Amino acid sequence: MTHSDRLFARISVPLISGVVFGLGLLISGMNNPGKIRGFLDILGAWQPQLIAVMIPAVIIFGLAFRYSRTLKAPWLHDIFHMPSLNGISLRLLAGATLFGIGWGLIGLCPGPVLVDLASFQWPVYGFLIAMIAGNRLAHHLIGPAK
């Protein structure tokens with residue numbers, strides 16, 4: 001593979017993957033805050049349909065991850081970038097709690113918000129701005145994860 005072919009692949013594969021992921025979010029309805037809130041409302045009017053999305057996604061991810069562990073390097077990069085943090089810390093639990101509160105309140109998380117940017121709905125842009133502000137505030141106050 002030539003250098004330009006490799007560069008093209010490094011740009012096009014993530015782009016195609018993002019489009020496939022976005023289409024999956026749209027087709028499954030995971031960008032619908034009402035559907036997400038219905039799924040999270042396990043003590044109320046629970047809507048379990050998203051289990052049909054999550055279970056196959058986790059299985060496919062697990063198989064792909066297991067396959068990737070057999071490789072010396074990714075197909076389009078020189079090394080795997082693996083997280084250096086592998087324990088459960090107070091910081092992780094606090095971040096997960098805040099993420100869960102935000103997700104439960106509005107039914108949106110970062111992936112679907114990026115897909116919903118094409119809907120040109122102001123609440124989506126407001127959520128994105130607030131999410132970036134929260135990220136930057138936490139980065140300033142606590143610092144990046146090490």
Side-chain angles (χ1 to χ4, degrees), residues 6-71 73-146:
R6 193 172 170 100
L7 179 62
F8 177 75
R10 281 185 175 183
I11 294 171
S12 62
V13 170
L15 183 64
I16 292 167
S17 298
V19 169
V20 169
F21 183 74
L23 285 172
L25 290 173
L26 285 171
I27 292 169
S28 66
M30 289 195 71
N31 67 320
N32 180 344
K35 205 173 226 183
I36 298 298
R37 292 183 74 205
F39 178 73
L40 297 173
D41 188 13
I42 57 175
L43 299 177
W46 188 47
Q47 298 175 17
Q49 297 89 350
L50 290 183
I51 289 175
V53 175
M54 293 181 183
I55 290 176
V58 169
I59 291 170
I60 291 168
F61 167 78
L63 292 171
F65 185 76
R66 187 178 177 120
Y67 169 71
S68 75
R69 302 291 284 177
T70 66
L71 303 174
W75 292 344
L76 301 174
H77 207 279
D78 300 328
I79 61 169
F80 282 107
H81 294 274
M82 300 300 288
S84 59
L85 299 175
N86 54 15
I88 297 175
S89 64
L90 182 61
R91 180 184 174 136
L92 174 67
L93 293 174
T97 300
L98 291 173
F99 181 88
I101 290 170
W103 197 28
L105 286 174
I106 196 166
L108 286 173
C109 67
V113 165
L114 294 177
V115 170
D116 283 347
L117 289 176
S119 70
F120 301 107
Q121 297 176 4
W122 286 111
V124 172
Y125 290 98
F127 178 85
L128 180 66
I129 291 168
M131 182 177 69
I132 292 170
N135 178 281
R136 295 294 83 201
L137 180 65
H139 185 86
H140 177 71
L141 294 176
I142 303 169
K146 297 175 182 145

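As the structure is a computational prediction, the values presented were derived from the model and not from experiment. Numbers here are sequence positions counted from 1.
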Heavy-atom nearest pair, Pro112 first then Met30, reads CG-O, 3.4 Å
What is the minimum heavy-atom distance between Pro14 and Ala9, and which atoms define it? CD-O, 3.8 Å
Between [atom1] of [X] and [atom2] of [Y], what distance do you get to the nearest 0.5 Å?
| X | Y | atom1 | atom2 | result |
| --- | --- | --- | --- | --- |
| Leu105 | Ile101 | CG | CD1 | 7.5 Å |
| Met54 | Phe61 | CE | CZ | 15.0 Å |
| Cys109 | Leu25 | SG | CG | 7.5 Å |
| Phe127 | Ile132 | CZ | CD1 | 10.5 Å |
| Thr97 | Leu92 | OG1 | CG | 9.0 Å |
| Ser119 | Tyr125 | OG | OH | 6.5 Å |

Among all residues two or more places apart in sequence or in another chain, which pass the side-chain contact (heavy atoms from CB on, under 4.5 Å) test with [X]?
| X | result |
| --- | --- |
| Pro123 | Gln121 |
| Pro83 | none |
| Arg66 | none |
| Ile11 | Leu7 |

Decide if atom CD1 of Ile88 counts as having more than 12 heavy atoms of other residues, nucleotides or ligands within a radius under 6.0 Å. no
Phe99 CZ: over 12 foreign heavy atoms closer than 6.0 Å: yes
Decide yes or no for Leu108 and Ile36: does some side-chain heavy atom of the first lie under 4.5 Å from some side-chain heavy atom of the second? no
Within residues 16-42 or reaching into it, pairs that qualify as side chain to side chain donor-acceptor pair (under 3.5 Å) - sequence neighbours excluded: Asn31-Asp116
So, using ring pair (Phe, Tyr, Trp, His ring centres under 6.0 Å) as the criterion, who are the partners of [X] when residues are at least two apart?
| X | answer |
| --- | --- |
| Tyr67 | none |
| Phe120 | none |
| Phe8 | none |
| His77 | His81 |

Taking only residues two or more places apart in sequence or in another chain, which ones pass side chain to side chain donor-acceptor pair (under 3.5 Å) with Asp78? Arg6
With sequence neighbours excluded, tell me which residues meet salt bridge (charged side-chain N to carboxylate O under 4.0 Å, His left out) with Arg10. none
For residues 46-53, dump all side-chain donor-acceptor pairs below 3.5 Å to protein atoms at least two apart in sequence or in another chain.
{"residue": "Trp46", "atom": "NE1", "partner": "Phe39", "partner atom": "O", "Å": "2.7"}

